[in-house]
Amino acid sequence: MENRKVRLRFAPSPTGPLHIGGVRSALYNYLFAKKHGGDFILRIEDTDQNRYVEGAEAYIVKSLAWCGIHPDEGPGIGGEYTPYRQSERKELGVYQKYADQLVASGNAYYAFDTAEELDAMRKKLEIAKASIQQYSHATRGEMKNSLSLPEEEWKQKIANGEPFVVRLKVPAGEEIRFTDVIRGEVVFNSDVVDDKVLLKSDGMPTYHLAHIVDDVLMDITHAVRGEEWLPSAPSHILIYRYLGWEDKMPQYAHLPLLLKPDGNGKLSKRDGDRLGFSVFPLEWKDPSSGEISSGYRETGYFPEAVVNMLALLGWNMEGEKEIFSMEELIANFSFEHVHKAGAKFNPEKAKWFNEQYLKEKPDAELAELLKPILLKTFNDKEFKDEFVVEVCRMMKDRVTFVSEIATKGSFFFVSPNYTAENLAKISKTITEEAINAILDVIGRDITDAANLEASLKEVATAQNLKIGEFMKFLRISIVGELSGPGVPDLILLLGANEAKSRVGECWKLMN
RNA sequence: GGUCCGUUCGUCUAGGGGUUAGGACGCAAGAUUUUCAUUCUUGUAACACGGGUUCGAUUCCCGUACGGACUACCA
């Protein structure tokens, strides 16, 4: 165990788009694996055919790739432990023999109960207010299984082709303890552990059996998963024990959950819709309903920002720095600094992270990202590369997303729309004479913003206008409103002709 | 109902038997700026409660409350 190569896996079910909490789980697995020079494996746990969703696996793969989380092994990638889809492994008979082994050793049994019968049992226990309302040592004697039925009878049932499942036989009155990497020692009494189904009637293993068999067969050293799995951990410990695999058992680490920003409960898709943020890395279109859920990528987030934000949601690094590259995260990651309590998701902080990354991006890179957006927003109007780069330089401190450069900075690309409300903000002291003086200054061949500003201020002084009022007029005529980069910079970038035309247009509308 | 996990500013968190309980987001104010934003400065605001243990507890222990997860032939 000590000298084994570190191997971690992320094992999602293809039942829909990968949730941002799932991305975080994958990230923590990846960071730990890479920190220790180990492998990160993607395994698809598609043992539930009823919940299988077309396109979900491809979505998962794309999402991880977008985040910069690259599996060393997985479907479509290959590896020594192929295949990496549990449905395919089942076809190979990977799980059946371990179920058989457990039955043979007396640690599992066949059960024939129908869904209705199981339901009836639970109802009965609920009405009786039984403290344990499960299929367990306390109830299995009254159910239809190979422990309660005479041997000839249950063998006959199997011979007749009656459907059955294999259940784990959990002993009564035992203490089951294990050490969680994040939580320390956790103890359960086996009396409250149910006889979990290991093999379903369709021959598919359940998660409980499948993940254990695969973790051992794939030499997984650390099983890092969400806290929702903690209650079933004792079942898993038992399975390892009964299979004689205690020495091969990976170290378990149960991650805190991601919670709703407001109120209580697990973060869900509905919260995103309700509060206006994404809970998925990429946009997802539900194949059956056609409903579209927004993604971080489409919203305009940089993958580095999402990764950075996610990493710090429930984990922290010593020191006061908060911006970390993937390499830095890998170099510093450890489970010791994973917080035990669930973390409420904070959309505001997510934006802040993106702003930090946006500011650090080179202008030219932003321009490349902006160009396709401009094409779409302004009907294929063409703009020079240097111009777009300059726009990015001026706007990057004022936006959260690149796309906002096109919206908040639309005045760079098309003439502003002068609203009556904004025109009303202009002082009535502006005279035609002043306008002519402005047009004259703009028309001069000035290429330096400071010089231009000085010249404009000279006009203001000569015209007996307050600098503030004067600049306000210029700003509204160029930008259309009272915000944005410095007026002289804008005039120089837009060019004398465009600037003069806007000043003229604005003046015309004022009168 | 039962089991398990958890609880430091509104949020993410640091810390840990003796601290002015630190940082970040947010919010507020100020400085800078023609404006907006950035940036800088400052402020705002927290150890759930009750018992122990101790000279001393937010920190350790036990309860309570509250929150969460699980309680499927789903993962």
Side-chain angles (χ1 to χ4, degrees), chain A residues 11-15 45-48 50-51 111 113-115 118-119 122 125-126 129-135 163-167 180 182-183 186-189 191-194 196-208 210-211 225-234 254 256-257 259 261-266 309 312-322 337 339-353 355 359 394-399 408 425 453 456-457 460 466-476 479 481-488:
Chain A
S13 288
T15 55
E45 309 220 325
D46 54 350
T47 52
D48 185 356
N50 299 322
R51 294 210 308 159
D113 316 275
T114 63
L118 291 170
D119 238 33
R122 289 190 189 105
L125 290 169
E126 197 185 328
K129 292 197 194 293
S131 64
I132 302 164
Q133 305 175 1
Q134 298 168 316
Y135 205 120
F164 65 90
V165 300
V166 175
R167 282 183 183 273
D180 183 279
I182 293 170
R183 281 148 221 284
V186 184
V187 186
F188 290 82
N189 188 305
D191 287 349
V192 300
V193 177
D194 65 329
K196 286 214 172 359
V197 170
L198 265 20
L199 213 58
K200 299 185 257 188
S201 55
D202 63 0
M204 277 282 188
T206 59
Y207 169 83
H208 306 292
H211 96 273
R225 71 218 316 193
E227 196 186 356
E228 70 266 28
W229 292 106
L230 200 47
S232 54
H254 291 94
L257 265 16
L259 273 18
D262 61 340
N264 308 311
K266 251 207 285 196
M309 183 256 310
L312 259 37
L313 214 47
W315 172 78
N316 70 88
M317 209 187 286
E318 284 172 64
E320 289 172 4
K321 202 181 143 182
E322 286 202 291
H337 283 98
H339 204 71
K340 288 186 178 73
K344 284 189 183 174
F345 184 76
N346 184 346
E348 288 305 314
K349 187 105 186 207
K351 284 186 187 172
W352 179 81
F353 274 110
E355 287 161 8
K359 266 185 277 196
M394 291 186 193
M395 291 300 288
K396 68 202 287 193
D397 280 346
R398 292 159 223 272
V399 297
K408 287 188 176 174
K425 291 175 186 165
E453 182 172 351
L456 286 169
K457 282 179 175 172
K466 283 187 197 152
I467 302 279
E469 299 294 347
F470 179 79
M471 294 305 273
K472 199 185 269 183
F473 162 73
L474 266 179
R475 173 164 296 283
I476 288 189
V479 176
E481 56 183 289
L482 293 174
S483 67
V487 168

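All values derive from a computational prediction rather than experimental measurement. Each chain gets a letter, A, B and so on, in the order its sequence line appears, and its residues count up from 1.
One interatomic measurement links the two molecules: NE2 of A:H337 to P of B:U8, which rounds to 17 Å at whole-angstrom precision. Look at NZ on A:K472: it is 14 Å from P on B:U34, rounded to the nearest Å.
Among the atoms of the strands shown, only primed sugar atoms or phosphate atoms (P, OP1, OP2) are found under 4.0 Å from some heavy atom of A:K359. A:V186 comes within 4.0 angstrom of the backbone, heavy atoms only, and of no base. Within the nucleic acid shown, A:P256 has no heavy atom closer than 4.0 Å to any nucleic acid atom. Nucleic acid contact for A:R183: sugar-phosphate only, since backbone atoms but no base atoms lie under 4.0 Å from a heavy atom of the residue. Using a 4.0 Å heavy-atom distance criterion, A:V187 is classed as a sugar-phosphate-only contact. In this structure, A:G314 reaches the sugar-phosphate backbone alone: every heavy-atom distance under 4.0 Å involves primed, P, OP1 or OP2 atoms, never a base. Within 4.0 Å (heavy atoms only), A:K129 reaches no atom of the nucleic acid at all.
In this structure, B:U54 forms no base pair with any nucleotide, since neither Watson-Crick nor G-U wobble geometry is met with both distances under 3.5 Å. Under the Watson-Crick and G-U wobble criteria, each requiring two contacts below 3.5 Å, nucleotide B:C4 is paired to B:G68. Across all strands shown, B:A31 forms a Watson-Crick or G-U wobble pair, both distances under 3.5 Å, with B:U39.
Atom P of B:U7 sits at a distance of 12 Å from the matching atom of B:C61, rounded to the whole Å. B:U59 sits 28 Å from B:G2 when the P atoms are compared, rounded to a whole Å. Comparing the C1' positions of B:C40 and B:U58 gives an interatomic distance of 33 Å, to the nearest angstrom.
Considering only side-chain atoms of A:I467, the nucleotide from B:U3, B:C25, B:U34 that sits closest is B:U34.
Toward the 5′ end of RNA chain B lies the nearest nucleotide of A:A130, the other residue of the pair A:A130 and A:K457 mapping further downstream.
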**Request:** Determine, for nucleotides 64-75 of chain B in 5'-to-3' order, which nucleotides have protein heavy atoms under 4.0 Å from the base (write B), from only the sugar-phosphate (write S), or from neither (write -).
**Result:** ---SSSSSSBBB
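Checked against side chain to side chain donor-acceptor pair (under 3.5 Å), A:Y135 has the following partners two or more places apart in sequence or in another chain: A:D113, A:N145. When the side chain to side chain donor-acceptor pair (under 3.5 Å) test is applied to A:K408, no partner is found at least two apart in sequence or on another chain.
Without hydrogens or angle criteria, A:K425 side chain to A:K472 main chain gives no donor-acceptor distance under 3.5 Å.
Counting all heavy atoms, side chain and backbone alike, A:L198 lies closest to A:R167 at CD2-C, 4.2 Å.
With respect to A:H254, the side chain to side chain donor-acceptor pair (under 3.5 Å) criterion is satisfied by exactly one of A:R225, A:R183, A:K340, A:E228: A:R225.
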